[in-house]
Number of protein chains: 2
Amino acid sequence: MSKRQSNREEIFTRILEAAEVEFGLKGYSGASLQHIADRANLPKPNIVYYFQSKANLYKQVLNQILMDWNDLFDQATIDDDPAVVLDAFIREKLALSFTNPRSSRIFAMEVIGGALHIGDYLKEDLVPWLTSRVEVIQGWIDAGKMRSIDPTSLIFMIWATTQHYADFEAQILALTNKEALVEEDLKRIGDTVSSIVLTGVGLTLPN
Amino acid sequence: MSKRQSNREEIFTRILEAAEVEFGLKGYSGASLQHIADRANLPKPNIVYYFQSKANLYKQVLNQILMDWNDLFDQATIDDDPAVVLDAFIREKLALSFTNPRSSRIFAMEVIGGALHIGDYLKEDLVPWLTSRVEVIQGWIDAGKMRSIDPTSLIFMIWATTQHYADFEAQILALTNKEALVEEDLKRIGDTVSSIVLTGVGLTLPN
DNA sequence: ACAGATATTGATTGTATGATAAGGATGTAA
DNA sequence: TTACATCCTTATCATACAATCAATATCTGT
């Protein structure tokens, strides 16, 4: 007669999910352990029992998000067709913003707040990633496959535009007078962004 | 012998400025009236005396920011050259992100948090603005001046890209290994973004 | 110079928070 | 069954906060 159907791991993820929702809604300071506990259907001290502190729980949530963010655009090499790669990158990143806006928002709030908790990750893990991606794009430019533009600014531009639909969802819904963004919007926006960016850097998709 | 050089208006703006800094650094929940008071060099109760409550002070700060945001891209008509207008819009918005990143960040955090305090402003003031701008761009498209793309997505794209440099400054500095963004960066990024967008929608700047 | 309005101050209040402590329940191994 | 470790829960802590208050100081119009 086990009132306790839940093992350690299940509770872990339950708390993490509740925390993600709460942090996503209220930000770090605004979120309270009590609310997270209520959401996870657990007494508050249990949260601390599993995660030691609020700051640590927050770090774990961020870590989870960064691990979930797939390595889109990661396997691309100089030999690939830049049009195909960039189009896929834009559409995948945009789709991720649509399906998982909460993750994007937590990350955004963290960075806007100065990236105090993930500054090290940015410098240690993301810098090499960006460097290697810039090299690939520069390779395409040198090979005459695309127009000469600043690769870093291009990557930031794609990041900014795609994440915008997750982070500023409230503004977009208010401005477009909608309840939610749907599959149709994803396609229209993906078409527009991909079209502008690809044309902008002198590329056309093969048929 | 007036120890008190400050009239009511001066104190008002002093509090508003201190609050903008504090909210920008810590977010709404993270900011405390005590810290705002310290920053404004006033006792805490005076903050409440002038602004009644923390929530109201925050609203006033947001209001101030929205009023400061000039009406860039506002006077453009169908008769103008879209290349000139869009280029100027991109560069001015980008410059604003560089000179006043704090305002942009407070606005961003507010929207990410669900735009609970400025939802009405978005619907009442920004919707008409967006509608009229979309009409102008659609007019350019209909007149064959530029490529046919979704005007709304284009505007969001420009917003996202330009604000990105203010909101995600911490990430950008970490990734580019810099201390601060300078005039030179503003030019390079402006060139890249303007070039990609203009080319992307089939425009070229006149000489 | 005076009186009424306005502004400033330090002290205080009640509440919500993150964190801890200590005992009880549960499962596991001998 | 017994012993032990893990897990959970109730009760409680000190702290920081927004907000209020009563008392004092300052200004302003007459």
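The chains referred to below are lettered A, B, ... by the order of the sequence lines, with proteins before strands, and numbering in each begins at 1. Computed over heavy atoms, backbone and side chain alike; hydrogens, waters and symmetry mates excluded.
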query = Applying salt bridge (charged side-chain N to carboxylate O under 4.0 Å, His left out), which residue pairs with at least one partner in residues 147-164 of chain A are found, sequence neighbours left out?
reply = Asp150(A)-Arg188(B)
inquiry  = Holding to side-chain contact (heavy atoms from CB on, under 4.5 Å), I want the full list of residues that pass it with Thr131(B), two or more places apart in sequence or in another chain.
reply    = Val127(B), Glu135(B)
inquiry  = Is the phosphate of dC7(D) approached by Tyr50(A) (side-chain N or O, under 4.0 Å from OP1 or OP2)?
reply    = no
note = Taken to the nearest whole Å, CZ/Arg14(B) to C1'/dA7(C) is 13 Å
task = Only counting residues at least two apart or in another chain, list the ones meeting side-chain hydrogen bond (donor to acceptor under 3.5 Å, both in side chains) with Gln52(A).
result = Asn56(A)
task = Could you tell me which residues satisfy side-chain hydrogen bond (donor to acceptor under 3.5 Å, both in side chains) with Tyr28(A), sequence neighbours excluded, listed by chain and number?
result = none
inquiry  = I'd like to know whether Phe12(A) forms a side-chain contact (heavy atoms from CB on, under 4.5 Å) with Phe51(A), so could you lay out the CA-CA distance, the side-chain angles of the two residues, the decisive distance to 0.1 Å, and finally the verdict.
reply    = CA-CA 9 Å; Phe12(A) 243 87; Phe51(A) 288 92; 3.5 Å; yes
key: Residue-phosphate contact under 4.0 Å: Asn46(B) side-chain N/O, dA7(C) OP1/OP2   = no
ask   = Does one side chain, of His35(B) or Ser32(B), offer a donor that lies under 3.5 Å from an acceptor on the other?
value = yes
task = Name the nucleic acid region contacted by Ala31(B), choosing base, sugar-phosphate or nothing; use a 4.0 angstrom heavy-atom cut-off, strictly under.
result = sugar-phosphate
Side-chain donor-acceptor contact under 3.5 Å, Trp140(B) with Asp80(B) = no
Show the distances under 3.5 angstrom between N or O atoms of the protein and N or O atoms of nucleotides 19-22 of chain D.
unit_1	atom_1	unit_2	atom_2	d
dA19(D)	OP2	Lys54(B)	N	3.1

ask   = Phe51(B) has an atom CZ; how far is it from atom P of dA18(D), in whole Å?
value = 15 Å
ask   = Within this structure, what is the CD-to-C1' distance between Gln34(A) and dT9(D), rounded to whole angstrom?
value = 13 Å
request  = Measure from CD on Glu10(B) to C1' on dA7(C) and round the result to the nearest Å.
outcome  = 15 Å
ask   = Within this structure, what is the CG-to-C1' distance between Leu57(B) and dA18(D), rounded to whole angstrom?
value = 12 Å
ask   = Hey, what's the ring geometry for Trp129(A) with Phe89(A), parallel, tilted or perpendicular (30° and 60° as the breaks)?
value = tilted
inquiry  = Less than 4.0 angstrom between a side-chain N/O of Tyr49(B) and OP1 or OP2 of dT8(C), yes or no?
reply    = no
Atom NZ of Lys123(A) with >12 non-hydrogen neighbours under 6.0 angstrom = no
note = His35(A) atom NE2 is separated from dA16(C) atom P, nearest whole Å, by 9 Å
inquiry  = I need the CG-P distance between Asp38(A) and dT17(C), as an integer number of Å.
reply    = 10 Å
inquiry  = Can you list, in residue-number order, the parts of residues 18-27 of chain B that come under 4.0 Å of DNA chain D, counting heavy atoms only?
reply    = none
inquiry  = Distance check needed: dA18(D) P versus Tyr58(B) OH, whole Å only.
reply    = 15 Å
